[in-house]
Amino acid sequence: MAQMKQPNDANAQDGRERDDVTGQVTTGHEWDGIKELDNPMPRWWLWTFYATIAWSLGYIVLYPAWPLVNDATRGVLGWSSRGEVQDNLARAADAQSVFKARIAELPLDEIRQDPELLRFATAGGRSAFQVNCSQCHGSGAAGFEGYPNLNDDSWIWGGTLDDIHTTIVNGVRFVGNDETRISEMPAFGDMLDRDQVAATTQYVLSLSGSPHDAAKAAEGESVFADNCAACHGDAGQGEPSLGAPALNDAIWLYASTPQAIAAQIQKPRHGVMPAWGHRLDPTTIKELALYVHGLGGGQ
Ligand code: HEC
Ligand code: HEC
């Protein structure tokens, strides 16, 4: 402060002009009476500035820096961000290959007994599911009309690990795969008259305790025993080996309205699930089976 307050001390020691108000030395430049004060940068600032220049020169030599037309200067260290990503990926792949190899060789049941391996397989199965299955079954596997919910314990084709695995490998009614799961509910529109269809519909509703017309359901009982029980079971409990869904639970592949049920009896839909055995590698399919089995309904 003392140094700054040196009014009218022009031409002091160094012979340079000082500003009246601040007492600061001026550069001698003046515009309309306004004088430019000579305030040099602090030393520490200047040295930091020079250091950053030196640093940047070193950086330009060592690392990729100057953009060129298609590329950039390479830098003598040969480092690249792509190379680093590749290194990381290679390291991750190494770590994974150990797990992958064990999933490939062990039977499903044994993988399931090994918590660490199961966690790895389930994570892989979850991402493969999002890519290949979610468009039909939903990203949370809760399904849509005609596409079964895979979270519940009601299985059309069976819910053991092996059943699920077989369904994924071979698909359902998938043309072009000889091993595909297949069964066809006949179109009863040709065999039963309208009253019989209506009565059987009420009987089907009664099996799951859904609202129904009891008198009509009683009429439908014998039609069901004669025509339907062979596949769906005497009590409508379903038959996984025939892909015949249980009718005695309130879980429906199609809709639960009398219209939808009557439509299925008259002209069944014969849903198709693609076979994945020739599209995905065996390890991924195992991971998918473990993932689906682990969703909650696995048997
Ligand atoms: C194009 C649609 C579609 C895609 C994609 C699809 N599914 Fe399906 N999935 C179906 C249909 C339809 C059914 C029911 C078939 C039937 O009527 O029996 C089904 C049935 C299943 C079943 C049997 C369910 C049960 O209750 O028994 C499993 C398990 C299954 N899918 C898993 C998968 C997996 C895992 C994938 C991915 C790799 C997948 N699905 C991809 C349409 C699809
Ligand atoms: C040859 C075996 C077979 C016979 C016989 C059969 N079904 Fe089916 N049923 C199936 C199969 C397989 C499905 C599953 C899916 C499809 O069509 O995609 C099914 C599905 C259904 C569904 C839909 C279930 C849901 O969850 O949405 C209803 C309802 C049904 N059947 C009722 C009947 C009735 C009533 C009869 C007798 C008049 C009958 N079925 C006879 C095999 C059979």
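Hydrogens, waters and symmetry mates play no part in the numbers below; they use all other heavy atoms, side chains included. For ligands, and for the atoms within them, numbers begin at 1 and follow the listed sequence. Predicted model only: the values in this text are computed from it and were never measured.
When only non-hydrogen protein atoms are considered, atom 27 (O) of ligand 2 lies nearest to Y254 N, 2.8 Å. Among protein heavy atoms, the minimum distance from atom 15 (C) of ligand 2 is reached at R173 NH2, 4.0 Å. Counting protein heavy atoms only, atom 24 (C) of ligand 2 is closest to L247 CD2, 3.7 Å. Nearest protein heavy-atom contact of atom 20 (C) of ligand 2 is Q264 NE2, 3.3 Å. Distance from atom 13 (C) of ligand 2 to its nearest protein heavy atom, with residue and atom name: P245 CD, 3.3 Å.
Geometry about atom 8 (Fe) of ligand 2 gives an angle of 180° between NE2 of H232 and SD of M185, rounded in steps of 10 degrees.
Not a single N or O atom of Q135, backbone or side chain, sits closer than 3.5 Å to an N or O atom of ligand 1. The distance criterion of under 3.5 Å between nitrogen or oxygen atoms is not met by S183 with respect to ligand 2. Considering both main-chain and side-chain atoms, I261 never comes within under 3.5 Å of ligand 2 through any nitrogen or oxygen pair.
Atom NZ of K35 has more than 12 neighbouring heavy atoms from other residues, nucleotides or ligands inside a 6.0 Å radius.
Each of the following atoms of ligand 1 lies closer than 4.0 Å to a heavy atom of L288: 38 (C). Of all atoms in ligand 2, listed by their number and element, those nearer than 4.0 Å to a heavy atom of F188 are 37 (C), 38 (C), 39 (C), 41 (C). Within ligand 2, counting atoms from 1 as listed, the ones closer than 4.0 Å to a heavy atom of T200 are 35 (C). Proximity to N227 (heavy-atom distance under 4.0 Å) selects the following atoms of ligand 2: 5 (C), 37 (C), 41 (C). For ligand 2, the atoms sitting less than 4.0 Å from at least one non-hydrogen atom of V204 are 35 (C), numbered in the order shown with element in parentheses. The ligand atoms of ligand 2 that sit less than 4.0 angstrom from a heavy atom of E184 are 1 (C). Remark: ligand 2 atoms within the under-4.0 Å shell around heavy atoms of L242 are 12 (C). Each of the atoms 16 (C), 18 (O), 25 (C), 27 (O) of ligand 1 lies under 4.0 Å from some heavy atom of W157. Applying the 4.0 Å criterion to heavy atoms of I265 picks out, from ligand 2, the atoms 35 (C). Close contacts of ligand 1 with G146, meaning ligand atoms under 4.0 Å from a residue heavy atom, involve 12 (C). Residue-ligand proximity, L253 to ligand 1, at heavy-atom distances under 4.0 Å covers atoms 17 (O). Contact atoms of ligand 2 toward H270: 16 (C), 17 (O), 18 (O) (distance under 4.0 Å to a heavy atom of the residue).
With distances taken over non-hydrogen atoms, the option nearest atom 3 (C) of ligand 2 out of S208, A244, G220, C231 is C231.
Ring planes of F129 and H137: tilted class, angle from 30 to 60°. The aromatic rings of Y203 and F224 are tilted relative to each other, their planes meeting at an angle between 30° and 60°.
Remark: the D163 side chain and the T160 side chain contain an N/O donor-acceptor pair separated by less than 3.5 Å.
Not one N/O/S atom of C228, from backbone or side chain, sits under 2.8 Å from atom 8 (Fe) of ligand 2.
Here CE of M41 is found 9.5 Å from CG of N39. Values are rounded to the nearest 0.5 Å. The distance from the CG atom of L207 to the CD atom of Q202 is 11.5 Å, given to the nearest 0.5 Å. If you take CD1 on I156 and CG on L253, they are separated by 4.5 Å, rounding to the nearest 0.5 Å. Separating the CG atom in L290 from the OG1 atom in T122 is a distance of 6.0 Å, to the nearest 0.5 Å.
Listing protein N, O or S atoms at distances below 2.8 Å from atom 8 (Fe) of ligand 1, with waters left out, gives H137 NE2, M273 SD.
Assignment of A230 to the shell around ligand 2 is not supported, since no heavy atom sits closer than 4.0 Å.
Contact annotation for S256 and ligand 2: no heavy atom of the residue comes within less than 4.0 Å of the ligand.
Between L106 and K286 the shortest heavy-atom distance is O-NZ, 2.7 Å.
Take D153 and apply the side-chain contact (heavy atoms from CB on, under 4.5 Å) test, not counting sequence neighbours, and it matches no residue.
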